[in-house]
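Note that ligands are numbered from 1 as they come in the structure, with each ligand's atoms numbered from 1 the same way. In this chain, numbering begins with 1 at the start of the sequence shown.
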Amino acid sequence: MSTTERPRILIVGGGYVGLYAARRILKKMRYAEATVTVVDPRSYMTYQPFLPEAAAGSISPRHVVVPLRRVVRGAEVLTGRVTTIDQDRKVATIAPLVGEAYELPFDYLVISMGAVSRTFPIPGLAEQGIGMKGIEEAIGLRNHVLEQLDKADSTTDEEVRRKALTFVFVGGGFAGAETIGEVEDMARDAAKYYTNVSREDMRFVLVDAADKILPEVGPKLGQYGKEHLESRGIEIYLETSMDSCVDGHVVLKNGLEVDSSTIVWTAGVKPNPALARFGLPLGPRGHVDCNEKLQVNGMDYVWAAGDNAQVPDMAAIKAGVPAERAWCPPNAQHALRQAKVLGDNVVSGMRGFPQKEYSHANKGAVAGLGLHKGVAMIVMGKMKIKLKGRLAWYMHRGYHGMAMPTFNRKIRVFADWTLGMFLKREVVSLGAMETPREEFYEAAKPAPAPAAAAPAPEKAKAS
Ligand SMILES: Cc1cc2nc3c(=O)[nH]c(=O)nc-3n(C[C@H](O)[C@H](O)[C@H](O)COP(=O)(O)OP(=O)(O)OC[C@H]3O[C@@H](n4cnc5c(N)ncnc54)[C@H](O)[C@@H]3O)c2cc1C
């Protein structure tokens, strides 16, 4: 890592906020004013709203991620994890991909570590569940689902087949509803190529503890989304939760029991628990406590934004919502805009200039529920325009296609969609990718030592 005399701006996390903040700082900074260092355990930023489409094979997984080293040129990118921060010494401890952990001094700090899946101590969940926060999970889920169809198509064991063809999703927010919508669509499509598997043989189950799904688009569109998914044969159980899933035996609070080899957990997120070791003031739910200028309260050299920050929603407060209830929701819409204000404020802070306030009124939400299906709520001043079906799906694609970071990735995503219109969706499982050395190992492993020669049978003694 660079050891210059310049002040260092350390950005912890190269996701949505980290990437955009780094780009903004680099753009606004005079040459060599500071060293910008981005630390992330992954070498790429993930555009999470596209994970459901990556899981369904509508977008190539590589096009959903943005390589950090390529897009934040001029910054130092370290692939590793920030494990602790000593605020008195202004030093962060970095655990790199390999080798010893080391200390990295900084002058200014940006906290953009996002969120992790919010789980509960449900028996079997850690062993059986899969989340939907990263591209690895989206690829894993797609391969796994298609592999279940392969298994079901080729077995004569009815129990194995039923378990393979039962898919349980827990959590009906954006991530859960979009993922089940996309994956069901893919499985329905794929079933056309199987002799012994049809859509009717599959069981898709969506469970949520709340009384509605897709709360982000409002009650009416949420209800439409629910009815739409049900019309495709997806069973939806609301106001219930999963009690256990040991060995894939799913037990719901409402009494339903099913055996499933696929349990997808999308029941919300919580701020990254590593924040507790960073010496920062945290809110009641573990978020970094920020003011409306995205500065961490009481620390004028630290800024935070995105899913790991508790930022006052000034637009809501100005509209009369009590301040103790008005926090920016954790979504990409805020993350992107906060990152830009944060970048400006870091540069201003470094130069001793005043800080800008962050205020953004909700512009609505869009959700895709499979090919040509979706819901969209667009807020225009006091008006809320509600769209559903194909039009909403176009809005979803248009909005996220344009929001995808970098021109390069936008082109790749639009190219995937265009190709998908003319060529059929790929429905092959590449599950063996997860163990690429297995076959070679079988071929190359040392031959077993010949079994020790059995002692020659004793000759019958001549009597
Ligand atoms: C499946 C899914 C669908 C979604 N759909 C929508 C949608 O349609 N619309 C919408 O507005 N929002 C959507 N969201 C939410 C949106 O993606 C997030 O709000 C946004 O990504 C938050 O940005 P962030 O920078 O705070 O966190 P992230 O983008 O998650 O970035 C956090 C980064 O921190 C890194 N990190 C973690 N720990 C460490 C550490 N110890 N040290 C260093 N780095 C670390 C991570 O590797 C990651 O790169 C969706 C989310 C998911 C999961």
Side-chain angles (χ1 to χ4, degrees), residues 10-22 37-55 64-66 68 77-85 92-96 104 110-118 131-138 141 169 171 173-180 182 214 216-217 264-269 271-278 287-288 304-309 311 328-339 342 360 362-369 374-377 395-397 399-400 403-405:
L10 175 61
I11 301 181
V12 184
Y16 223 117
V17 171
L19 173 100
Y20 276 104
T37 304
V38 181
V39 184
D40 197 297
R42 297 181 173 110
S43 62
Y44 48 83
M45 172 266 188
T46 307
Y47 190 74
Q48 290 171 351
F50 278 153
L51 291 179
E53 286 207 49
V64 171
V65 299
V66 182
L68 288 174
V77 176
L78 302 177
T79 308
R81 207 170 273 281
V82 175
T83 53
T84 56
I85 299 182
T93 304
I94 318 279
L104 189 72
V110 173
I111 305 290
S112 49
M113 286 204 306
V116 298
S117 294
R118 184 189 50 180
M132 189 45 61
K133 284 283 299 157
I135 193 66
E136 305 78 4
E137 290 168 322
L141 178 63
F169 290 68
F174 257 142
E178 289 194 301
T179 308
I180 198 169
E182 293 286 352
L214 286 168
E216 299 87 347
V217 292
V264 185
W265 183 264
T266 49
V269 293
N272 199 312
L275 292 170
R277 298 189 297 270
F278 287 6
H287 300 84
V288 184
D307 287 6
N308 67 7
V311 178
C328 297
N331 62 33
Q333 199 181 129
H334 279 289
L336 166 66
R337 289 169 177 85
Q338 287 173 353
L342 184 150
H360 166 69
N362 181 21
K363 293 263 178 283
V366 287
L369 299 171
V375 285
M377 190 206 31
M395 289 292 301
H396 163 78
R397 282 207 159 175
Y399 172 79
H400 284 299
M404 180 75 201

message: Assess, by modelled atom type and distance only, whether the side chains of Thr93 and Thr83 contain a donor and an acceptor separated by less than 3.5 Å.
response: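 Judged by distance alone, the side chains do not pair up.
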
Any atoms of ligand 1 less than 4.0 Å from a non-hydrogen atom of [X]? List them with their elements.
{"X": "Gly114", "value": "26 (O), 27 (O), 32 (C)"}
{"X": "Pro330", "value": "19 (O)"}
{"X": "Ser112", "value": "32 (C), 33 (C), 34 (O)"}
{"X": "Pro49", "value": "3 (C), 4 (C), 5 (N), 6 (C), 7 (C), 8 (O), 13 (C), 17 (O)"}

Test your reading of the structure: does [X] have an N or O sitting under 3.5 Å from an N or O of ligand 1?
{"X": "Val17", "answer": "yes"}
{"X": "Val82", "answer": "yes"}
{"X": "Thr46", "answer": "no"}
{"X": "Asn308", "answer": "no"}
{"X": "Gln48", "answer": "yes"}
{"X": "Ala332", "answer": "yes"}

message: The test is side chain to side chain contact (heavy atoms under 4.5 Å, CB included); show your working for Val288 and Phe278 and say whether it passes.
response: CA-CA 10 Å; Val288 184; Phe278 287 6; over 6 Å; no

query: Hey, is His400 one of the residues with a heavy atom under 4.0 angstrom from ligand 1?
result: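 It does, in that a heavy atom of His400 comes within the 4.0 Å cut-off of ligand 1.
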
message: For Val12 and Val39: C-alpha separation, side-chain torsions, deciding distance, then whether side chain to side chain contact (heavy atoms under 4.5 Å, CB included) applies.
response: CA-CA 5 Å; Val12 184; Val39 184; 5.6 Å; no

